[in-house]
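Quick note: residue numbers are just sequence positions, from 1.
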Amino acid sequence: MDLEVSPALAIPASELRWRFSRSSGPGGQHVNTSDSRVELSWNVAASAVLSEGQRTMLARRLGRRLITGVVTVTASEQRSQLRNREIALAKLAELITAGLAPDAAQRRPTKPTRASNRRRLAAKDQRSATKRQRQRPSAE
């Protein structure tokens, strides 16, 4: 089952590596007998579906998550291995989508308008006057 990240990018099932182990968490005695925890790994460095630009972008953005070019996600939230597989696929797709998203436009710094500056200073004067009126009258 291929992983469709976007309409332009689908990771073939042959590039995905699955590992199953016993899960902690809900399930009672069932937990002790079934391998419901899922680890899904994908080798970003050796993937045939990525362009060189996409590969470098993912390597830069997922740098801390990559171990020798492989990104791994785990899922053990559910009791069912099948449900955990679906969750792991969704997590990996979300991670890749975020890694390939274009950079946000840089903010262009602006100066406050003269009117907004005037309003700010008037509010400061008002606050200062309020605090001055709370003081004890002088002894004179």
Side-chain angles (χ1 to χ4, degrees):
M1 145 170 108
D2 294 350
L3 173 61
E4 181 141 345
V5 176
S6 70
L9 179 64
I11 301 169
S14 60
E15 291 190 9
L16 299 175
R17 296 284 169 249
W18 295 93
R19 244 182 86 208
F20 307 101
S21 59
R22 293 197 178 132
S23 175
S24 63
Q29 292 176 345
H30 174 75
V31 166
N32 301 327
T33 60
S34 64
D35 291 340
S36 59
R37 181 174 182 265
V38 174
E39 278 188 29
L40 175 60
S41 300
W42 178 53
N43 193 339
V44 176
S47 179
V49 295
L50 293 176
S51 68
E52 200 54 45
Q54 290 174 325
R55 194 179 328 274
T56 56
M57 184 181 287
L58 278 175
R60 182 171 43 87
R61 290 195 177 160
L62 301 179
R64 294 194 324 254
R65 299 236 15 192
L66 291 177
I67 300 170
T68 63
V70 178
V71 63
T72 303
V73 293
T74 60
S76 62
E77 291 88 11
Q78 302 293 321
R79 289 176 61 173
S80 161
Q81 186 190 95
L82 181 63
R83 187 72 188 107
N84 282 333
R85 280 178 177 227
E86 293 167 356
I87 292 170
L89 283 170
K91 281 182 179 181
L92 183 62
E94 185 180 321
L95 197 64
I96 295 167
T97 302
L100 292 175
D103 291 330
Q106 288 292 318
R107 179 191 166 284
R108 180 192 290 163
T110 57
K111 285 199 311 190
T113 62
R114 193 176 297 151
S116 70
N117 209 18
R118 208 174 288 137
R119 282 191 301 270
R120 181 181 64 83
L121 293 175
K124 284 175 68 116
D125 284 343
Q126 178 71 38
R127 184 79 179 142
S128 174
T130 301
K131 289 189 171 196
R132 245 192 330 267
Q133 289 179 359
R134 288 183 192 156
Q135 292 176 353
R136 262 197 192 131
S138 60
E140 298 170 2

Problem set entry | Spacing of Leu92 atom CG and Thr97 atom OG1 [to the nearest 0.5 Å] | 9.0 Å

For this session: Test side chain to side chain contact (heavy atoms under 4.5 Å, CB included) on Ile11 and Leu16 and set out the steps.
Result: CA-CA 8 Å; Ile11 301 169; Leu16 299 175; 3.9 Å; yes

Exercise. Rounded to the nearest 0.5 Å, how far apart are OG of Ser76 and CD of Gln81?
Worked result: 12.0 Å

Exercise. Minimum heavy-atom separation for Leu66 to Leu58, with atom names?
Worked result: CD1-O, 4.2 Å

Exercise. Does Val70 belong to the same Ile/Leu/Val/Met/Phe/Trp/Tyr cluster as Leu62, with side-chain heavy atoms less than 4.5 Å apart forming each link?
Worked result: no

Seminar exercise, completed: Closest non-hydrogen atoms of Ser47 and Glu15, given as atom of the first, atom of the second and distance, are OG-OE1, 2.7 Å

Exercise. Are Val5 and Leu89 connected, step by step, through hydrophobic side chains (Ile, Leu, Val, Met, Phe, Trp, Tyr) whose heavy atoms are closer than 4.5 Å?
Worked result: yes

For this session: State, to 0.1 Å, how close Glu39 and Thr72 come at their nearest heavy-atom pair, and which atoms those are.
Result: OE1-CG2, 4.1 Å

Exercise. Taking side chain as C-beta onward, heavy atoms only, is Arg85 less than 4.5 Å from Leu40?
Worked result: no

For this session: Give a yes or no on whether Leu9 and Val71 share a hydrophobic cluster (residues Ile, Leu, Val, Met, Phe, Trp, Tyr; joining criterion: side-chain heavy atoms under 4.5 Å apart).
Result: yes

Problem set entry | Path from Phe20 to Val73 over hydrophobic side-chain contacts below 4.5 Å | yes

Problem set entry | Evaluation steps, side chain to side chain contact (heavy atoms under 4.5 Å, CB included), between Arg19 and Ser41 | CA-CA 8 Å; Arg19 244 182 86 208; Ser41 300; over 6 Å; no

Problem set entry | Path from Val44 to Ile96 over hydrophobic side-chain contacts below 4.5 Å | yes

For this session: Could you check Arg61 against Asp103 for side chain to side chain contact (heavy atoms under 4.5 Å, CB included), going step by step and ending with a plain yes or no?
Result: CA-CA 11 Å; Arg61 290 195 177 160; Asp103 291 330; 2.3 Å; yes

Seminar exercise, completed: Residues Ala75 and Ala88: closest non-hydrogen pair is CB-N, 3.9 Å

Problem set entry | Of all pairs that satisfy salt bridge (charged side-chain N to carboxylate O under 4.0 Å, His left out), the ones with a partner from residues 114-124, not counting sequence neighbours | none

For this session: Starting at CD of Gln135, measure out to CD of Gln133 and round the result to the nearest 0.5 Å.
Result: 10.0 Å

For this session: Report, as yes or no, whether the 6.0 Å neighbourhood of atom CG on Leu121 holds more than 12 heavy atoms from other residues, nucleotides or ligands.
Result: yes

Problem set entry | Flag, side chain of Asn84 to backbone of Ser36, donor-acceptor distance under 3.5 Å | yes

Problem set entry | Nearest heavy atoms of Pro12 and Val49, plus distance in Å | CD-CG1, 3.5 Å

Exercise. Near Glu94 CD, under 6.0 Å, is it more than 12 heavy atoms from other residues, nucleotides or ligands?
Worked result: no

For this session: Looking only at non-hydrogen atoms, find the nearest pair between Ala93 and Leu3 and report the distance.
Result: CB-CD1, 4.0 Å

For this session: Start with the C-alpha distance between Thr74 and Arg37, add both sets of side-chain angles, then the distance that settles side chain to side chain contact (heavy atoms under 4.5 Å, CB included), and finish with yes or no.
Result: CA-CA 7 Å; Thr74 60; Arg37 181 174 182 265; 3.6 Å; yes

